[in-house]
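The next block holds one structure in the form of structure tokens; read it before the comments.
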Amino acid sequence: MDTQHSGRWVWYDLMTTTPSAAEGFYQAVVGWGIEEWDGAPPDNPYHMWTTAEGAIGGVVELPEEARAQGAPPHWLAYVCVPDVDATVEKATRLGAVALMPGMDIPGVGRIATLRDPQGAVFAVFTPAGDPPGHAGAPRLGEFSWHELATTDQAAAFDFYNELFGWEKTDVMDMGEGGMYDMFGARGDTYGGMYSKPAEIPGPPAWMFYAMVDDISRAVEAVKANGGQVLNGPMEVPGGDQVAQCMDPQGAMFAIHAKATASA
């Protein structure tokens, strides 16, 4: 694998209770297409989210064992690494927990799921061939921002810096909300991290922002299709607009429109 892709977010899976309903919701809100992956077993189909550039992720039914353990519908995103097993070993040495050890997907690559030392869940992926996605600026329909709400911002940043080589690209003072650390690699900014206030419920978690053409249209589509707008839409520094949402099955996600698209 070309090292320029190492540490980049490359794939996004929605684990949900009713995949068919979720597909219709995100098609209406983000405009994704749906394509069946022919490598899935007949009794467990896997549908991929597609944009004009190709596939960016998939949607699968949340396993019964996960539901029994109280796992809600959620998004799980994958970071590209040269060696999944070496990454899992390093992550656990740094205090993470391996929720799913390395597993091969024939013809696709090797994956593993981890929980960071503060409790946020993410996945790693070593592709069998070229990794999905691309470096540089995100395009319409792709995930454009990756945001970590955590309990120990400094420790979380140190963990991901050591694991993936992410560097601090900028810092924003949010006043009473504290400092917001932006991170990335090789000149690209991937997202931000902040210490979540005690009044925000739930454990530390990653939230992923999908780029839409018009924030007002997307927000109305969320509401019209059974979702909830939890925060926003609001303008962020630079003039872009964002909104944090929940889909009808309970998975958290966010939407993002560029300033020129939302003016």
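Hydrogens, waters and symmetry mates play no part in the numbers below; they use all other heavy atoms, side chains included.
With Phe208 as reference, Trp9 is the one residue of Trp9, Trp145, Trp49 to meet the ring-ring contact (aromatic ring centres under 6.0 Å, His included) rule. Test Val219, Ile255, Leu230 against Cys245 for side-chain contact (heavy atoms from CB on, under 4.5 Å) and you get one pass: Ile255. Of the residues listed (Trp32, Tyr26, Trp11), the one engaging Phe143 in a ring-ring contact (aromatic ring centres under 6.0 Å, His included) is Trp32, and it is the only one.
We find the CG-OH distance between Leu148 and Tyr194 to be 8.5 Å, quoted to the nearest 0.5 Å. If you take CG on Asp181 and CH2 on Trp166, they are separated by 13.0 Å, rounding to the nearest 0.5 Å. The CD atom of Gln153 lies 10.5 Å from the CG atom of Asp158; values are rounded to the nearest 0.5 Å. Rounding to the nearest 0.5 Å gives a distance of 9.5 Å between CG of Leu140 and CD of Glu53. A distance of 14.0 Å separates NZ in Lys258 from CG in Asp213, rounded to the nearest 0.5 Å.
Side-chain atoms of Asn161 never come within 3.5 Å of backbone atoms of Glu167 as a donor-acceptor pair (strictly under, hydrogens ignored). Checked by atom type and distance alone, the side chain of Thr126 pairs as donor or acceptor with a backbone atom of Val84 at under 3.5 Å. A donor-acceptor distance shorter than 3.5 angstrom exists from the side chain of Lys90 to the backbone of Glu162, with no hydrogens or angles considered. Between the side chain of Arg217 and the main chain of Val29, a donor-acceptor pair closer than 3.5 Å is present. Checked by atom type and distance alone, the side chain of His146 never pairs as donor or acceptor with a backbone atom of Gly191 at under 3.5 Å. Counting only distance, with no hydrogens or angles, the side chain of Asp188 and the backbone of Gly136 share a donor-acceptor pair below 3.5 Å. The closest donor-acceptor contact from the side chain of Asp240 to the backbone of Ala259 lies under 3.5 Å.
The shortest distance between side-chain heavy atoms of Pro19 and His47 does not fall below 4.5 Å. Annotation: side chain of Val212 is not in contact with side chain of His256 (no heavy-atom distance under 4.5 Å). Val88 places none of its side-chain heavy atoms less than 4.5 Å from the side chain of Pro101. Considering only heavy atoms from C-beta on, Phe25 comes within 4.5 Å of Val222 through its side chain. Phe159 places none of its side-chain heavy atoms less than 4.5 Å from the side chain of Thr150. Side-chain contact between Pro63 and Met15: present, with at least one pair of heavy atoms (C-beta onward) separated by less than 4.5 Å. Put simply, the side chain of Thr113 reaches to within 4.5 Å of the side chain of Leu76, judged on heavy atoms. Residues Phe122 and Tyr160 have side chains in contact (heavy-atom distance under 4.5 Å, counting atoms from C-beta outward).
Applying the side chain to side chain donor-acceptor pair (under 3.5 Å) test to pairs two or more places apart or on separate chains, those with a residue in residues 218-237 are Asn231-Gln244. A side chain to side chain donor-acceptor pair (under 3.5 Å) check over residues 100-111, counting only residues at least two apart or in different chains, returns the pairs Asp85-Arg110, Asp104-Arg110. For residues 114-136, no pair satisfies salt bridge (Lys or Arg N to Asp or Glu O under 4.0 Å), with sequence neighbours left out.
When the side chains of ILVMFWY residues are joined at heavy-atom separations under 4.5 Å, either directly or via intervening members, Phe164 and Leu94 end up in a single hydrophobic cluster. Linking Ile, Leu, Val, Met, Phe, Trp and Tyr whenever their side-chain heavy atoms come within less than 4.5 Å leaves Val229 and Met211 in two separate clusters. Cluster annotation: Phe183 and Met179 are assigned to distinct hydrophobic clusters (Ile/Leu/Val/Met/Phe/Trp/Tyr, side-chain heavy-atom contacts under 4.5 Å, transitive). By the rule that hydrophobic residues join a cluster once side-chain heavy atoms approach within less than 4.5 Å of another member, Met103 and Val121 end up as members of one cluster.
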Please evaluate residues Leu163 and Val79 with respect to the criterion side chain to side chain contact (heavy atoms under 4.5 Å, CB included), reporting the C-alpha separation (whole Å), side-chain torsions for both, the decisive distance (0.1 Å), and the verdict.
CA-CA 11 Å; Leu163 190 63; Val79 178; over 6 Å; no
Under the side chain to side chain contact (heavy atoms under 4.5 Å, CB included) criterion, do Ile34 and Met48 qualify, and how do the steps go?
CA-CA 6 Å; Ile34 294 292; Met48 298 185 294; over 6 Å; no
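Taking the six-membered ring wherever Trp is involved, the centroid distance between the rings of Tyr12 and Phe253 does not fall below 6.0 Å. The distance between the ring centers of Tyr78 and Trp206 does not fall below 6.0 angstrom.
Looking at every heavy atom in both residues, Pro204 comes nearest to Thr151 through CG-CG2, 3.8 Å. Nearest approach of Leu114 to Ala98, heavy atoms of both residues: CD2-CA, 3.7 Å. Nearest heavy atoms, Phe125 versus Pro132: CE2-CD, 3.8 Å. Across all non-hydrogen atoms, the minimal contact from Ala210 to Ser144 is C-OG, 4.4 Å. Across all their heavy atoms, Leu62 and Ala71 have their closest contact at CD2-O, 3.2 Å. The two residues Ala155 and Gln118 come nearest to each other via the heavy atoms CB-NE2, 3.7 Å.
When only modelled atom types and interatomic distance are considered, Glu142 and His134 share a side-chain donor-acceptor pair under 3.5 Å.
A search for salt bridge (Lys or Arg N to Asp or Glu O under 4.0 Å) contacts involving Glu147 returns nothing, not counting sequence neighbours. Remark: Glu36 pairs with no residue by the salt bridge (Lys or Arg N to Asp or Glu O under 4.0 Å) rule, at least two apart or across chains. Gln249 pairs by the side-chain hydrogen bond (donor to acceptor under 3.5 Å, both in side chains) definition with Thr18, not counting sequence neighbours.
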